[in-house]
Amino acid sequence: MNMNLSSLKFLRSLRKDNHQFAVIGLGRFGRSVCSTLHNLGYQVLATDIDEKRVSEALNEEIVGHALQLDSTEPAALKEAGIFEFDTVIVAIGNYVQESIITTLNAKEGGVPHVVAKASSEVHQKLLKRVGADHVVFPEYEAGCALARTLTKPGILDRFDLDTDHSIVELIVPDEFNGKTIAELQLRNRYGLNMLAVSHDGKFIINPEPTKRLEKGSAMVVIGCNKDINRLPI
Ligand code: ATP
C-alpha cells in the first residue's frame, strides 16, 4: 500500500499542548485561520507585508498579535520570532514566489511544522519540494468534498491516507441496524476494518465484535475507497 507518510507524520505531530501559531498572510484564507484559532483560545501571531491588513486584523480582533513584515526576508522572520513557533501557516496563495520563499525560510529557520496553502497543482508540488510538512489546496479540496457530500450524504468526514485509501466516518447504514460487527463480516465482505462506533454521542474505539450497531449512530472504518464505496450508504 502506497501510504502518504508525510500526512501521517503531520497528524501525529499535532500535539495537544501546541497553543501557539504564526500565520503569514492575511488574505481570506489566512484571516479565517486566524479568527478560528483565536476564537478557540489559541495564541496567534499574524503577519502581512501590507500594513493596512495588519491593522485591520488587530481592529477586528481576529488575532492577539499582528506585525507588518516581508516574509521573504529571513532576517525579518527571525526578528519577529517566527522561527520559535512550533507551527507556521503560510497563507499566501496568490503570490507563488513569495509563498515558496516564505516556506523555504520557515523550514531553514528550523520551524518543525510548516503548513502552506497552494493555489495550483504546480504550486503544491513546489511547496512540498521546499519542505512544507503539509500542503492544503482549499479550492481543490472543497470541490472534492462538495462532490462527495452530494453523492454520498451518509459520509460525515474522511481522512485521505493516499489517493486510494481513507479513514471514513459514516452514518450506520439502515441495512446494518441491529447487527453485530461480527455478523456484518466487514472484513470478509468489504475488506474494511472498523475503528470506532459511536454510542450516546461518544466513540467506542476498537469496538468488540459483539457490539451491536444502531441506526442513526456513526461508525469509523479504514480501507480502500473502492470498498468504502460498496457500503450500502
Ligand atoms: P484569497 O484572499 O484570494 O482567498 P489568499 O487567502 O491565498 O487568497 P492572497 O491573496 O494570496 O490570500 O494574499 C495573502 C496575503 O499575503 C496578502 O494580504 C498579502 O499582502 C500577503 N503577502 C504577500 N506577499 C507577502 C510577503 N512577502 N510577506 C508577507 N505577506 C505577504
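The figures that follow rest on heavy atoms only: side chains count, while hydrogens, waters and symmetry mates do not. Counting starts at 1 for both ligands and their atoms, following the listed order. This is a predicted model, so every value here is computed, not measured.
- Only the backbone of Ala91 comes within 4.0 Å of ligand 1, counting heavy atoms alone; no side-chain atom from C-beta on gets that close.
- Looking at Ile92, Val90, Asp50, Asp48, it is Asp48 that brings a heavy atom closest to atom 15 (C) of ligand 1.
- The heavy-atom pair separating Lys107 from Val111 by the smallest distance is NZ-O, 2.9 Å.
- Looking only at protein heavy atoms, the nearest one to atom 7 (O) of ligand 1 is Lys117 NZ, 2.7 Å.
- Between Leu69 and ligand 1 there is a heavy-atom distance shorter than 4.0 Å.
- Of the heavy atoms in Thr47, none comes closer than 4.0 Å to ligand 1.
- Of the candidates Arg53, Glu98, Arg28, it is Arg28 that places a heavy atom closest to atom 1 (P) of ligand 1.
- Relative to atom 25 (C) of ligand 1, the option among Asn94, Thr102, Ile49 with the closest non-hydrogen atom is Ile49.
- Short contacts between ligand 1 and Phe29, defined as distances under 4.0 Å to a heavy atom of the residue, involve ligand atoms 6 (O).
- What sits closest to atom 12 (O) of ligand 1 on the protein, heavy atoms only, is Gly27 CA, 3.6 Å.
- Taking atom 27 (N) of ligand 1 as the reference point, the nearest protein heavy-atom neighbour is Asp70 OD1, 2.8 Å.
- By the 3.5 Å distance cut-off applied to N or O atoms, Gly25 is not counted among the residues near ligand 1.
- No continuous path of ILVMFWY side-chain contacts below 4.5 Å connects Val220 to Val197, so the two sit in separate hydrophobic clusters.
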